[in-house]
Amino acid sequence: MRAGDLDRRITIERATIEYSGSGEPIETWNELATVWAKVDQQGGREFFATAQEVSERKVVFRIRWIEGLTVLDRVMLDGAEHDIHEVRRLGRKEGVELHTTAAL
């Protein structure tokens, strides 16, 4: 993986459950890592959901190896949340491809 291809700064976040004073669970997102990435737009689609138009964008992020990433994590890029659907290893722990979708 060439360093020159990693030209976008992304943040990877992981959800944790905290509890309010009344004992109600609250999901919060905490920063796991901020890394350089190569960003590939894979296309998108538009559809109608409950009387509103929804746009979805598929994006693949290529980053250097980080141990323990899962589909339960998410990627933040320019304020947009990207849900991870697949984590694919590149080489022998050289890198990772994160296949994501973002609602627009």
Asker: Is the shortest side-chain heavy-atom distance between Val87 and Thr70 below 4.5 Å?
Answerer: no

Asker: Restricting to non-hydrogen atoms, name the atom on Pro25 and the atom on Ile17 that form the minimum distance, rounded to 0.1 Å.
Answerer: CB-CG2, 3.8 Å

Asker: Apply side chain to side chain contact (heavy atoms under 4.5 Å, CB included) to Thr11 and list each qualifying residue two or more places apart in sequence or on a separate chain.
Answerer: Glu13, Glu31, Thr34, Met76

Asker: So which heavy atom on Arg89 is nearest to which on Trp65, and how close?
Answerer: CG-CZ3, 3.6 Å

Asker: Check whether any side-chain heavy atom of Ile84 sits under 4.5 Å from a side-chain heavy atom of Val75, and report yes or no.
Answerer: yes

Asker: What residues, two or more places apart in sequence or in another chain, satisfy side chain to side chain donor-acceptor pair (under 3.5 Å) together with Glu27?
Answerer: none

Asker: With sequence neighbours left out, write down each residue that passes salt bridge (Lys or Arg N to Asp or Glu O under 4.0 Å) with Glu81, or none if nothing qualifies.
Answerer: Arg74

Asker: Side-chain contact, heavy-atom cut-off 4.5 Å: Arg64 with Trp36?
Answerer: no

Asker: Go through the structure and list residues passing side chain to side chain contact (heavy atoms under 4.5 Å, CB included) with Thr28, not counting sequence neighbours.
Answerer: Thr16, Glu18, Ile26, Asn30

Asker: What are the two closest heavy atoms between Leu77 and Arg9, and how far apart are they?
Answerer: CD1-O, 3.8 Å

Asker: I'd like to know if Val71 and Trp29 are part of one continuous hydrophobic network [Ile/Leu/Val/Met/Phe/Trp/Tyr, side-chain heavy atoms within less than 4.5 Å].
Answerer: no

Asker: Apply side chain to side chain contact (heavy atoms under 4.5 Å, CB included) to the pair Val60 and Leu98, showing each step before the final yes or no.
Answerer: CA-CA 6 Å; Val60 175; Leu98 304 174; over 6 Å; no

Asker: Quick one: does Ile12's side chain get under 4.5 Å of Arg14's, heavy atoms only?
Answerer: no

Asker: Given the rule in the side chain to side chain contact (heavy atoms under 4.5 Å, CB included) test, do Glu86 and Glu97 qualify, once you have shown the distances and angles that lead to the verdict?
Answerer: CA-CA 8 Å; Glu86 182 181 0; Glu97 270 187 357; over 6 Å; no

Asker: Could you tell me if the side chain of Leu69 sits less than 4.5 Å from the side chain of Ile63, heavy atoms only?
Answerer: yes

Asker: Among pairs that include at least one residue of residues 6-26, which meet ring pair (Phe, Tyr, Trp, His ring centres under 6.0 Å), considering only residues two or more places apart or in two chains?
Answerer: none

Asker: With sequence neighbours left out, which residue pairs that include part of residues 67-96 fulfil the ring pair (Phe, Tyr, Trp, His ring centres under 6.0 Å) condition?
Answerer: Phe61-His82

